[in-house]
Amino acid sequence: IPTHNWSSQIVMSHVVGDIMKSMGYTVEYTETDSNAVYDMLKTGEVSVELEVWEGVFGKLFSAALESGDVVDAGSHQATTREEWWYPAYVEDMCPGLPDWEALNSCAAKFATSETGGKGMFLAGPEDWPQHHVERIKALDLNFEMVHAASAEALWSAIDEAKAEGRALVLQNWTPNFVEAVHPGKFVEFPPYQAGCNDDPSVGINPDMAYDCGAPVDGYLKKAAWSGMAGKWPKAYQTLEQISFTNAQIAEMAKLVDVDGMTAEDAAAAWLEANRSVWTPWTQ
Ligand code: TMO
């Protein structure tokens, strides 16, 4: 079971691993890049991926399915959104938000020493391929992308900006613990439509792709190595039944990012508190 660099995915991986262990399976965790994992699934080097977020990984996942070596093990109940986001007080500093067109008129307020006169967009780590640079170009935004080194660096940037009353727009997503802790909103870009990230003619810029926002009710899927169902049929059956809600996933993130638990302890606590949710999946 591969783990990545955001808390809900790590906790969920341990939750599912512990469920598989309760069924008698042997489980090993391996920390991997969240892009590379789609190739690792093709060879069975990893068996599952528990959080395939449409906005960031949809393209990689579709390509992996086409290879025939990766299968779609179904969707979680949760729907997802991964998008530029700002803490609520920023709206007073940049009237017109959450509409994206407001960003350029206040770009200077988002500027840092790193970005000169341009606004800074603080993106997540490099292995979350969301094509922000392409979008900045396609929508002619006076912004420059800077990568945060980790998810934790995104959260401390919110705390620092808040303490200093500075404008900040950064990568965020839902479900996440952030919504319970920091009031704020996603930027409303031109709505996502099929093809806008591939076909220049689709979307408001006739010459460029990526001229749209991320899906607002994206899927969250489970993926598996195509050999899993044959090798461990019962485990695969359980994987197909596993389905977490937005609230459950936000809670998994909170146990680590707010309560400071380790992923292992968070998974154990979650399983203990939610026995009636997961035991039917093992039957
Ligand atoms: C994949 N992520 C939830 C970090 O956008």
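Small disclaimer: the values here were computed from a predicted structure and weren't measured. FYI, side chains are in, hydrogens and waters are out, and symmetry mates aren't considered; it's all heavy atoms of this structure. All ligand and atom numbering here is 1-based and tracks the order in the structure.
Residue Leu97 is found in a hydrophobic cluster whose other members, listed by chain and number, are Trp84, Tyr86, Tyr89, Val90, Met93, Trp100, Leu103, Phe110, Phe121, Val133, Ile136, Leu139, Leu141, Phe143, Met145, Val169, Val187, Phe189, Ile204; membership requires side-chain heavy atoms under 4.5 Å apart, directly or through intermediates.
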- Item | Intermediate values then yes/no, side-chain contact (heavy atoms from CB on, under 4.5 Å), Val56 and Trp173 | CA-CA 10 Å; Val56 169; Trp173 56 89; over 6 Å; no
- Message: Run Asn176 and Trp6 through side-chain hydrogen bond (donor to acceptor under 3.5 Å, both in side chains) and show every step you take.
- Response: CA-CA 10 Å; Asn176 197 354; Trp6 66 95; over 6 Å; no
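The side-chain heavy atoms of Tyr192 and Pro190, taken from C-beta on, include no pair separated by under 4.5 Å.
The protein residues lying under 4.0 angstrom from ligand 1, judged by non-hydrogen atoms, are Trp6, Trp53, Val56, Phe57, Glu82, Trp128, Trp173.
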List, one per line, each side-chain donor-acceptor pair under 3.5 Å for residues 41-49, sequence neighbours excluded.
residue	atom	partner	partner atom	Å
Lys42	NZ	Asp39	OD1	3.0
Thr43	OG1	Met40	O	3.1
Thr43	OG1	Glu45	N	3.3
Glu49	OE1	His4	NE2	2.5
Glu49	OE2	Gln9	NE2	3.4
Glu49	OE2	Glu51	N	3.1

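For residues 201-283, the disulfide bond (SG atoms under 2.5 Å apart) pairs, not counting sequence neighbours, are Cys196-Cys212.
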